[in-house]
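First the structure, in the form of structure tokens, and then the observations on it.
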Amino acid sequence: MTLLERFRNRDERALARAISLLEAGTPEGQVLLQHLRKDAGKAQIVGITGSPGSGKSTLTDKLIKVARAKGRRVAVIAVDPTSPFSGGAILGDRIRMIQHHQDEGVFIRSMATRGQLGGLAATTLQALVLLDAYGFDDIFIETVGVGQSEIDIVKVADTTVLVLTPGQGDSVQAFKAGIMEIADVFVINKADLPGASRLKREIQAALELGHKNTELPDILETIASEAKGVEELYEAIQIHHETLKSSGK
């Protein structure tokens, strides 16, 4: 049986192999991608971005649980920093989500940035096509972190979630990086920490300046470590996705 046949039979090893071929830049990987492009276009793609330490991985982990409880098949691309020794991904995010490894409805892949700017790995978009064609309902992309150039996620995701935390100067960093304009949903994670209310007011004020005469994005509060507010976040993501579909975007 060919790799393409195994892929279409939902052989997870074939999926993993296909992504590895793309990362290696092989002609076989590109041929496979061309065959599968027509099968893509059904998944809901959610970008989760924010500064290191904001709790993106924990939040993604809890979103997986919510989605699976609703019977949805979930894939995660965790874009990790590149190891200076192997050139591969430092698998921090994957380790945090290890509890899902026996769930056949969850697939998690770490991808190294390998010097790529924009918060994504070079082959992220191609891997997305494969995951979409494979039949996942939700695909979460967790970026490596937020910076001046790390806003490429908006070009890829249907819904972009920006995760901020109190007391870390996140709001100032977000304003400087220009990512206030690209977020569809704002999340104040670790909302039990001092300064959460102030951070929410700062975000609200910034949005009111930048979104005059338009509907403001949601600003939600979560405590991901306790799974608080995660159901509401998932619902907000669904609402945004439905709004996009109804508007034809």
Side-chain angles (χ1 to χ4, degrees), residues 1-49 56-68 71-116 118-144 152-153 156-158:
M1 188 179 292
T2 66
L3 183 61
L4 178 60
E5 290 170 334
R6 288 170 52 209
F7 183 100
R8 286 183 166 152
N9 286 332
R10 285 190 173 175
D11 180 339
E12 190 172 297
R13 290 188 178 183
L15 170 59
R17 175 62 178 160
I19 294 175
S20 294
L21 289 173
L22 288 177
E23 288 189 298
T26 65
E28 184 183 356
Q30 291 302 315
V31 170
L32 190 66
L33 184 66
Q34 290 304 317
H35 279 294
L36 292 169
R37 282 190 187 279
K38 63 179 180 295
D39 298 331
K42 303 179 185 70
Q44 176 173 312
I45 301 170
V46 181
I48 300 176
T49 191
K56 299 188 302 293
S57 298
T58 304
L59 198 60
T60 303
D61 176 58
K62 297 300 189 293
L63 283 169
I64 294 171
K65 288 185 176 180
V66 172
R68 289 298 292 142
R72 295 175 68 83
R73 303 179 76 240
V74 182
V76 177
I77 295 179
V79 184
D80 287 314
T82 302
S83 168
F85 302 104
S86 68
I90 300 173
L91 305 179
D93 298 316
R94 203 171 187 182
I95 290 169
R96 294 185 189 97
M97 301 175 199
I98 195 69
Q99 59 182 306
H100 302 290
H101 78 284
Q102 291 184 324
D103 186 343
E104 293 182 356
V106 178
F107 180 86
I108 299 170
R109 179 76 175 215
S110 290
M111 302 184 77
T113 55
R114 297 180 183 175
Q116 181 84 2
L120 302 178
T123 52
T124 300
L125 187 56
Q126 295 176 339
L128 271 175
V129 173
L130 293 187
L131 293 170
D132 195 343
Y134 193 81
F136 289 104
D137 301 302
D138 292 328
I139 303 174
F140 295 110
I141 309 171
E142 182 192 331
T143 71
V144 70
D152 283 358
I153 189 64
V156 174
D158 300 316

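Keep in mind that what you see is a predicted model, and the values were worked out from it rather than measured.
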Residues Gln126, Glu23; criterion side-chain contact (heavy atoms from CB on, under 4.5 Å); working and verdict: CA-CA 9 Å; Gln126 295 176 339; Glu23 288 189 298; over 6 Å; no
Go through the side-chain N and O atoms of Arg109 and Thr124 and say whether any donor and acceptor fall under 3.5 Å apart. no
Checking side-chain contact (heavy atoms from CB on, under 4.5 Å) between Val76 and each of Leu131, Thr60, Ile139, which is the one that passes? Thr60
Single hit among Gln44, Lys42, Arg72 for side-chain contact (heavy atoms from CB on, under 4.5 Å) with Asp137: Arg72
Check: Ala43 main-chain N/O paired with Asp132 side-chain donor or acceptor under 3.5 Å: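 Yes, Asp132 side chain to Ala43 backbone: donor-acceptor pair under 3.5 Å.
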Between atom [atom1] of [X] and atom [atom2] of [Y], what is the distance when rounded to the nearest 0.5 Å?
X: Ile77; Y: Ile48; atom1: CD1; atom2: CD1; result: 12.0 Å
X: Ile64; Y: Asp103; atom1: CD1; atom2: CG; result: 9.0 Å
X: Phe140; Y: Asp61; atom1: CZ; atom2: CG; result: 11.0 Å
X: Leu4; Y: Gln34; atom1: CG; atom2: CD; result: 12.5 Å

Could you tell me whether the side chain of Leu22 reaches within less than 4.5 Å of the side chain of Gln30, counting heavy atoms only?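 Side-chain contact under 4.5 Å: yes.
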What pair of heavy atoms forms the shortest contact from [X] to [Y], and how long is it?
X: Leu21; Y: Gly29; value: CB-CA, 3.8 Å
X: Thr143; Y: Lys56; value: O-CE, 3.3 Å
X: Ala157; Y: Gly47; value: CB-N, 3.4 Å

More than 12 non-hydrogen atoms from neighbouring residues, nucleotides or ligands closer than 6.0 Å to CD on Glu104, yes or no?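 No, because the 6.0 Å sphere around CD of Glu104 holds 12 heavy atoms or fewer from other groups.
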Restricting to pairs with a member in residues 3-17, which pass side chain to side chain donor-acceptor pair (under 3.5 Å), not counting sequence neighbours?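 Side chain to side chain donor-acceptor pair (under 3.5 Å) check on residues 3-17 returns Thr2-Glu5, Arg6-Asp11, Arg8-Asp39.
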So the ring pair (Phe, Tyr, Trp, His ring centres under 6.0 Å) pairs with at least one residue in residues 4-36 (sequence neighbours excluded) are Phe7-Tyr134
Before giving the answer on side-chain contact (heavy atoms from CB on, under 4.5 Å), spell out for Leu63 and Val46 the whole-Å C-alpha distance, their side-chain angles and the decisive distance to 0.1 Å. CA-CA 11 Å; Leu63 283 169; Val46 181; 5.8 Å; no
